[in-house]
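In what follows, chains are A, B, ... by sequence order, proteins preceding strands, each numbered from 1. These figures come from a predicted structure and were not determined experimentally.
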Amino acid sequence: MAYQIKSEMYEGPFDLLLSLVSRQKIDIYDISLAGIADEYLEYIDSIQDLDLDISTEFLLVAATLLEIKAASLLPKKEEAYEEDEISPHEAREILIARLLEYKKFKNVAAELAARHEAESKYHLRDVGVEEEFKNLIPDFLAGVSRERMRKLFLAINDKKEIGLTQADHITPKPLSVEAFIDRVKLKLRGVKSTSFRDLTADCTEKVELITAFLAVLELYKQGIVDIGQAETFGDIMVIVADKSGVIA
Amino acid sequence: MSDTNVRLRGIVESLLFVSDQPLSVEKISEIVEVDGEEIKKVLEDLENEYKRADRGYQLREVAGGFRMNSHPAYSPYIEKLLISFDHRRLTQAALETLSIIAYKQPVTKADIGAIRGVNSDGVINTLLNRDLIKEEGKQDTPGQPILYGTSTRFMESFGMRSLAELPPLDEFNPDEDIRRQIEDNLRTQAVVE
Amino acid sequence: MSDTNVRLRGIVESLLFVSDQPLSVEKISEIVEVDGEEIKKVLEDLENEYKRADRGYQLREVAGGFRMNSHPAYSPYIEKLLISFDHRRLTQAALETLSIIAYKQPVTKADIGAIRGVNSDGVINTLLNRDLIKEEGKQDTPGQPILYGTSTRFMESFGMRSLAELPPLDEFNPDEDIRRQIEDNLRTQAVVE
């Protein structure tokens, strides 16, 4: 890549994608989705290097980008897609529509930010009721029981403890595409091919499946594996592409 | 000014001074037991008087009522006095979420997440805490998700008399440049018909 | 009045308007960076002007400095306004914060924020204004943060004679939901490698 993507934080996958898209010069004959998809993945990798947690939403958009990219590399007739299935073409249309919708509200946010800034110069009198009138304030606790207070307090304290359990005792490990690539390689060692289903037999979370899928696509990009699918909804086969037929 | 007028002005001013929320003409009229038209006249006079005499405070119409606030020209001094003042800027995430709620209300967390592309639960909690949004009941769909809308405080914080002062959403449509950039950059050779 | 004088009067007035404490001549002088004698003069002028013009508020010298308060002549109307205030129930955020203050008092804003996971300054102000909590002095740590506790009114609302009458916390066991949530969390972490 010609330049380093700064590891700044984005508000979400659409924010990231918009920023990547807007950064490109409008040289429409040179840049296409393939470049954007690569940059997107590079950003996700750079974040993982910083040991930050990548949310599922980022991976879902990555999967969409890769799906569209894969479709553009492996031409496939439109009619090959079932009626209730989203074709890469449709996926692209949906993605564009969602990006435009998101951008619209990002524009609103800029307007609101300016208004809020202007408004922050008007200070209100937040002084409360003068001492002599205090007995006139209505009873805002009418209908609230002591028991309710107790339950509220316990509920908050408990939420906090769960948070601590996560933060202090078991630091969640971010899922990295890199790690999954190693895992896939390991499983392919000594065999000519395997199915995606077998590769992901021990995955319990959706996000793990997506990460595994990204890993396989990355291996495909590097020319290490071939991908095949005999029929729609059939098992995706991952075939070792190396001449010797085995992964060292 | 006649004695009656001075007295009426004093009463209205005292109410505005102690109130921690905008006061509508109707509310003042009900408390003072004076016709609404007359109250409106007093409010206008006060508004002009404060402005003309360049006082430390102003009277403004916000969120469906009248409220006194400090003169914006003096805010640097006020900020020196009230170091703990609630001057926290809203984060980009908070502003995006607020924008969606303002225009799409009532909306669910899922609606907001769909537009922003990320889970927005944390931001929504922050906005609830800052009293900028409020719960507006539940949606009549499976799971009965909570519906959110903007609060009176939202209008006050953004200097609006009513939600009608929000510019039409169409004005924020991405411009042609951005549209083209998105279309072009997500272009694929094989898939395009 | 000269422009400089109008401006100085405006600044001093804006500070008095927003301040929740009496302001001393020294304090104002320090903020405005104008000599104390001159500030004293402005304060005297304001005091006289408000009185003469029979405004809705007054400036008075009380222990510790000058403060604005509503004009006593209009207190019947102010009382009517306060009684008519929306009897809105407190928000979930306000009740949560109140429960923390009730059980953990005295606590600082920072303590409350840490427990709730969000900045709670706005909610604390609301509770102060509703007279449900009060300041309980300052913590003897750097920055001397204010400590908060529940008010007499809080106890009256619950018909308690002392805080010892708050229901004890000890017999509590995490309910099934929470238990499952913890287990789920542990499981997910273990699987991801």
(request) Check A:A109 against B:Q92 and note the closest heavy-atom contact, atom names and distance. (result) CB-NE2, 4.2 Å

(request) Could you look at B:N119 and say if it's the side chain, the backbone, both or neither that has a heavy atom under 4.5 Å from chain A? (result) both

(message) Using a strict threshold of under 4.0 Å (side-chain N to carboxylate O), is an ion pair present between A:E119 and B:R60?
(response) yes

(message) I want to check something: taking the side chain as every heavy atom from C-beta on, are A:R92 and B:E183 in contact at a cut-off of under 4.5 Å?
(response) yes

(request) Answer with side chain, backbone, both or neither: which region of B:I178 has an atom nearer than 4.5 Å to a non-hydrogen atom of chain A? (result) side chain

(message) For a quick test of reading the model, state the closest non-hydrogen atom pair linking B:P167 to A:E111 and the distance between them.
(response) CG-OE2, 4.4 Å

(request) Starting at NZ of A:K103, measure out to CG of B:D175 and round the result to the nearest 0.5 Å. (result) 7.5 Å

(request) Go through the structure and list residues passing ring-ring contact (aromatic ring centres under 6.0 Å, His included) with B:F172, not counting sequence neighbours. (result) none

(request) Heavy-atom pairs under 4.5 Å with chain A are the metric here; pick the option from B:H71, B:M68, B:K104 that has the most. (result) B:K104

(request) Mark yes or no for whether B:R116, through its side chain, and A:G12, through its backbone, hold a donor-acceptor pair below 3.5 Å. (result) no

(request) Flag the one option from B:D170, B:V123, B:I100 with the top tally of heavy-atom pairs under 4.5 Å to chain A. (result) B:I100

(message) According to side-chain hydrogen bond (donor to acceptor under 3.5 Å, both in side chains), who are the partners of B:D131, at least two apart in sequence or on a separate chain?
(response) none

(request) Look up atom CD in B:Q181 and atom CG in A:L99, then write down how far apart they are to the nearest 0.5 Å. (result) 12.0 Å

(request) Examine distances only and state if a side-chain atom of A:R98 and a backbone atom of B:A114 form a donor-acceptor pair shorter than 3.5 Å. (result) yes

(request) Inspect the contact between A:K104 and B:E171 and indicate whether a charged nitrogen and a carboxylate oxygen are less than 4.0 angstrom apart. (result) no

(request) State the CG-CG distance between A:L112 and B:L90, to the nearest 0.5 angstrom. (result) 9.0 Å

(request) Return the option, out of B:S157, B:S19, B:P76, with the maximum number of heavy-atom pairs under 4.5 Å with chain A. (result) B:S157

(message) Is the shortest side-chain heavy-atom distance between A:F105 and B:L169 below 4.5 Å?
(response) yes

(message) For B:V18 and A:V129: C-alpha separation, side-chain torsions, deciding distance, then whether side-chain contact (heavy atoms from CB on, under 4.5 Å) applies.
(response) CA-CA 7 Å; B:V18 299; A:V129 175; over 6 Å; no

(request) Specify the closest pair of heavy atoms between B:N69 and A:L124, including all atoms of both residues, with the distance to one decimal. (result) CB-CD2, 3.9 Å

(message) Can you tell me which of B:L98, B:N173, B:L166 forms the most heavy-atom pairs within a distance under 4.5 Å of chain A?
(response) B:N173

(message) Can you give me the closest heavy-atom contact between B:R179 and A:L100, atom names plus distance?
(response) NH1-CD1, 3.5 Å

(request) May I ask you to decide if A:Y122's main-chain N or O and B:S70's side chain share a donor-acceptor pair within less than 3.5 Å? (result) no

(message) So for B:F17, is it side chain, backbone, both, or neither that comes closer than 4.5 Å to the heavy atoms of chain A?
(response) both

(message) On a heavy-atom basis, which atom in A:V108 and which in B:Y103 lie closest, and how many Å separate them?
(response) CG1-CE1, 3.4 Å

(message) Could you go through A:R115 and B:F158, starting from their C-alpha distance and side-chain angles, then the distance that decides it, and tell me whether this counts as side-chain contact (heavy atoms from CB on, under 4.5 Å)?
(response) CA-CA 6 Å; A:R115 282 190 186 219; B:F158 290 85; 4.0 Å; yes

